[in-house]
Every structure is written in structure tokens, then in C-alpha cells.
Amino acid sequence: MAKQRARPKPARFHAKLKQIRLALGYLQNEMLRALGLAEKSNRSLISGFELGTKEPNLLVILKYAKLINLSVV
């Protein structure tokens with residue numbers, strides 16, 4: 001069986017997530033709460049998203065969009 005290649009990551013996606021948080025004026029722990037992730041995770045999750053070492057799942061991406069009133073329909 002052939003080894004699957006990793007899906008390429010969008011080049012500036014992580015920077016956009018940080019830009020959203022800063023535009024909202026949130027600290028990383030405030031962003032966790034706004035996304036409804038505070039009870040499940042710690043601040044390193046947001047840090048990972050913003051550094052590009054972790055990738056948010058689709059549900060989290062939709063929550064980011066909702067925070068900035070971005071329609072995804």
C-alpha cells in the first residue's frame with residue numbers, strides 16, 4: 001500500500017487566525033472561551049493554530065467565521 005502524502009497546508013491560514021484574534025482584541029485564553037473550547041483545552045491550542053503546528057477542525061473554523069460575522073453559506 002502506498003504511503004499517503006500529507007495534505008498541503010494553506011500558506012497564511014495560521015497568520016489569518018492570529019489576525020482575527022487580534023482584531024477582536026482577545027487574548028488567547030479569551031479566544032478559547034469565545035470559541036467554546038475553554039473547558040476542553042488550554043491556551044496552547046490557540047497558540048498551535050496561530051503558529052501553524054496544529055490545524056483547527058471544520059467546526060472550529062466555522063466558529064471563527066461566526067465570531068467575525070463571516071457567512072460561509
Side-chain angles (χ1 to χ4, degrees):
M1 212 155 108
K3 184 178 177 184
Q4 289 184 350
R5 290 186 292 183
R7 182 179 61 77
K9 293 182 182 179
R12 297 183 328 133
F13 185 64
H14 64 279
K16 292 286 187 180
L17 295 178
K18 184 173 184 177
Q19 185 180 13
I20 289 169
R21 178 178 61 80
L22 294 175
L24 292 170
Y26 289 166
L27 298 173
Q28 288 181 345
N29 60 343
E30 293 171 323
M31 192 65 174
L32 275 174
R33 281 194 294 275
L35 294 171
L37 302 174
E39 65 282 347
K40 302 176 193 174
S41 307
N42 59 30
R43 194 178 71 201
S44 68
L45 183 65
I46 297 296
S47 177
F49 294 162
E50 293 177 358
L51 293 172
T53 58
K54 297 179 183 174
E55 191 172 319
N57 62 34
L58 182 57
L59 182 60
V60 173
I61 294 170
L62 292 172
K63 289 179 180 185
Y64 268 94
K66 185 174 180 180
L67 281 175
I68 60 171
N69 295 317
L70 178 68
S71 176
V72 291
V73 179

N/O donor to acceptor pairs below 3.5 angstrom from side-chain atoms of residues 54-61, sequence neighbours left out:
| from | atom 1 | to | atom 2 | distance (Å) |
| --- | --- | --- | --- | --- |
| Glu55 | OE1 | Arg7 | NH2 | 3.0 |
| Glu55 | OE2 | Arg7 | NH2 | 2.0 |
| Asn57 | OD1 | Leu59 | N | 3.1 |
| Asn57 | OD1 | Val60 | N | 2.9 |

Report summary line: In Leu27, Leu35, Asn29, Leu17, the residue satisfying side-chain contact (heavy atoms from CB on, under 4.5 Å) with Ile46 is Leu35

Query raised in the report: Would Met31 and Phe13 show up in the same hydrophobic cluster when neighbours are defined by side-chain heavy atoms closer than 4.5 Å?
Result: yes

Query - Leu70 with Leu22, same ILVMFWY side-chain cluster at under 4.5 Å - result: no

Report task. For Ala15, check side-chain contact (heavy atoms from CB on, under 4.5 Å) against everything at least two apart and list the hits. Result -> none

Requested in this report: Rounded to the nearest 0.5 Å, what's the gap from CG on Leu62 to CG on Leu67? Could you check?
Outcome: 11.5 Å

Query - Pairwise side-chain contact, Glu30 with Leu24, heavy-atom cut-off 4.5 Å (strictly under) - result: no

**Report entry** side-chain hydrogen bond (donor to acceptor under 3.5 Å, both in side chains) contacts in which one or both residues fall within residues 15-25, not counting sequence neighbours
**Finding:** Arg21-Glu50

